[in-house]
Amino acid sequence: MELLNLYQNNYLIVFVFLCLGVILPVVALFLGKLLRPYKPSEAKYTTYESGIEPFHDSRVQFNVRYYIFALMFVIFDVETVFLYPWAVAYDNLGIFALIEMTIFVFMLIIGLVYAWKKKVLKWI
Amino acid sequence: MMSGEFIAFMGIALVAVIGGVLLLNLSNVMHMMVALVFTFVSIAGIYVLLSAEFVAAVQILIYAGAITIIMLFGIMLTRHEDTSEAPGSSWRKFAVFLGVLGFAAVLYFGIYNLDLPQMENTLHEKNTMQIGEALYSKFVIPFELTSVLLLVALIGSIMLAKKDDEKEGDKE
């Protein structure tokens, strides 16, 4: 039970850091707003486009390639998450877990090879 | 009983619920994503309170990191003109309210007297190792099924996205 209390108290430090992380940008932006001069004019609010008059919406539709890259990142991220507890408990698990993990990694390598063949990894 | 754990849980749950409500009510998509990140991080906090350290780390890594990014990409892929739906009729609002109320009632009665058998509570000791031992000895089949699921997700998304690409190629 003592260990549990120790565990929970350790997370107080994490909590303090989390609060600092949230407070720091808020305070910085707020102070910036207090300190900077505020003289708006219409020309200042237009988008800077290398001296050309801005036209069209600033938000454009992105290429679908970005999405596939993000998705592959998520999938291999999940794979890494599964590798981690295996690596930590490796000494207690033995050879069978190694075979399991080989199958797991092999499955995802099939996916990677498929993506490669489909020329998803090529940028333009 | 006002123990520290209770106060921590209340704070975290409050942040999670506020994040969810802001997600629904904000109008800027980027602000919505920030609200969603707050919800994800506070859910990680709840995992920490439950002594599930590894799951909490994964929650932050995968959800607050990766899933948020993929949602942002998904938003950027779509064309979003600033149009907002007209608010529904009051009759519809009432029906939605009834639905929410019913769901809350069912959940309350389902959870309130739920009796989970008390397990020996040593999760905070070598949490990751415990997960590893359980996952790779007891739960091998679900684990391998997960790899198949990931493979299906990867190949399926590539097939869907590449089909769009070829269409674009035809146009050019």
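Throughout, protein chains are lettered first and strands after them, A, B, ... in sequence-line order, and every chain is numbered starting at 1. Reckoned from all heavy atoms, side chains included, excluding hydrogens, waters and symmetry mates.
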- Query: Considering only heavy atoms, which portion of B:E144 lies under 4.5 Å from any heavy atom of chain A: side chain, backbone, both, or neither?
  - Reply: side chain
- Can B:E133 and A:W86 be said to form a side-chain contact (heavy atoms from CB on, under 4.5 Å), step by step? CA-CA 8 Å; B:E133 279 167 8; A:W86 170 70; over 6 Å; no
- Note on the structure: Nearest heavy-atom contact between A:V81 and B:F54 is O-CZ, 3.5 Å
- Item | Segment of A:V22 engaging chain B (4.5 angstrom heavy-atom cut-off) | side chain
- Item | Contact winner vs chain A - B:V58, B:I155, B:I131, heavy-atom pairs under 4.5 Å | B:I155
- Query: When rounded to the nearest 0.5 angstrom, what distance separates CD1 in A:I110 from OG in B:S147?
  - Reply: 9.0 Å
- Message: Is there a path of hydrophobic side-chain contacts, each under 4.5 Å between heavy atoms, that joins A:F69 and A:V113?
- Response: yes
- Note on the structure: Looking only at A:N92, A:T80, A:V105, the option with the highest number of non-hydrogen pairs under 4.5 Å against chain B is A:N92
- Item | Path from B:L26 to B:M33 over hydrophobic side-chain contacts below 4.5 Å | yes
- Note on the structure: Correct closest heavy-atom pair for B:G132 and A:L93 would be O-CD1, 4.1 Å
- Message: Just verifying a value: how many Å separate A:M107 CE and B:L149 CG, rounded to the nearest 0.5 Å?
- Response: 11.5 Å
- Message: Heavy-atom cut-off 4.5 Å, strictly under: side chain, backbone, both or neither for A:Y90 against chain B?
- Response: neither
- Query: Between B:Y136, B:F38, B:F73, which residue shows the highest count of heavy-atom pairs closer than 4.5 Å to chain A?
  - Reply: B:Y136
- Message: So which atom in A:D77 and which in B:A66 form the shortest heavy-atom distance, rounded to 0.1 Å?
- Response: OD2-CB, 3.8 Å
- Query: If you measure from OH on A:Y114 to CD1 on B:I158, what distance do you get to the nearest 0.5 Å?
  - Reply: 6.5 Å
- What distance do B:I70 atom CD1 and A:M72 atom CE have between them, rounded to the nearest 0.5 Å? 11.5 Å
- Note on the structure: Cut-off 4.5 Å, heavy atoms of chain B, and the answer for A:I103 is both
- Query: Hey, is OH on B:Y63 packed in by over 12 heavy atoms from elsewhere, all under 6.0 Å?
  - Reply: no
- Contact summary for A:F104 and B:L150, nearest pair of heavy atoms: CZ-CD1, 4.3 Å
- In terms of hydrophobic clustering (I, L, V, M, F, W, Y; side-chain heavy atoms under 4.5 Å; direct or indirect links), are A:V14 and B:V48 co-clustered? yes
- Separation between CD of A:E100 and CD1 of B:I141, rounded to the nearest 0.5 Å: 8.5 Å
- Query: What part of B:V41 lies closer than 4.5 angstrom to a heavy atom of chain A: side chain, backbone, both or neither?
  - Reply: side chain
- Message: Within the structure provided, determine whether A:Y11 and B:L49 are in side-chain contact (heavy-atom separation under 4.5 Å).
- Response: no
- Item | Largest heavy-atom contact set with chain B, pairs under 4.5 Å, which of A:F15, A:Y84, A:F73 | A:Y84
- Query: Under 4.5 Å between side-chain heavy atoms, hopping through other hydrophobics if needed: is there a path connecting B:I60 to B:L36?
  - Reply: no
- Message: Is there a path of hydrophobic side-chain contacts, each under 4.5 Å between heavy atoms, that joins A:F106 and A:W116?
- Response: yes
- Message: For a quick test of reading the model, state the closest non-hydrogen atom pair linking B:L151 to A:L108 and the distance between them.
- Response: N-CD2, 4.4 Å
- Can you tell which part of A:I68 gets under 4.5 Å to a heavy atom of chain B, answering side chain, backbone, both or neither? side chain
- Query: chain B heavy atoms under 4.5 Å from A:L18: which part of the residue, side chain, backbone, both or neither?
  - Reply: side chain
- Contact part of B:E53 toward chain A, heavy-atom cut-off under 4.5 Å: side chain, backbone, both or neither? both
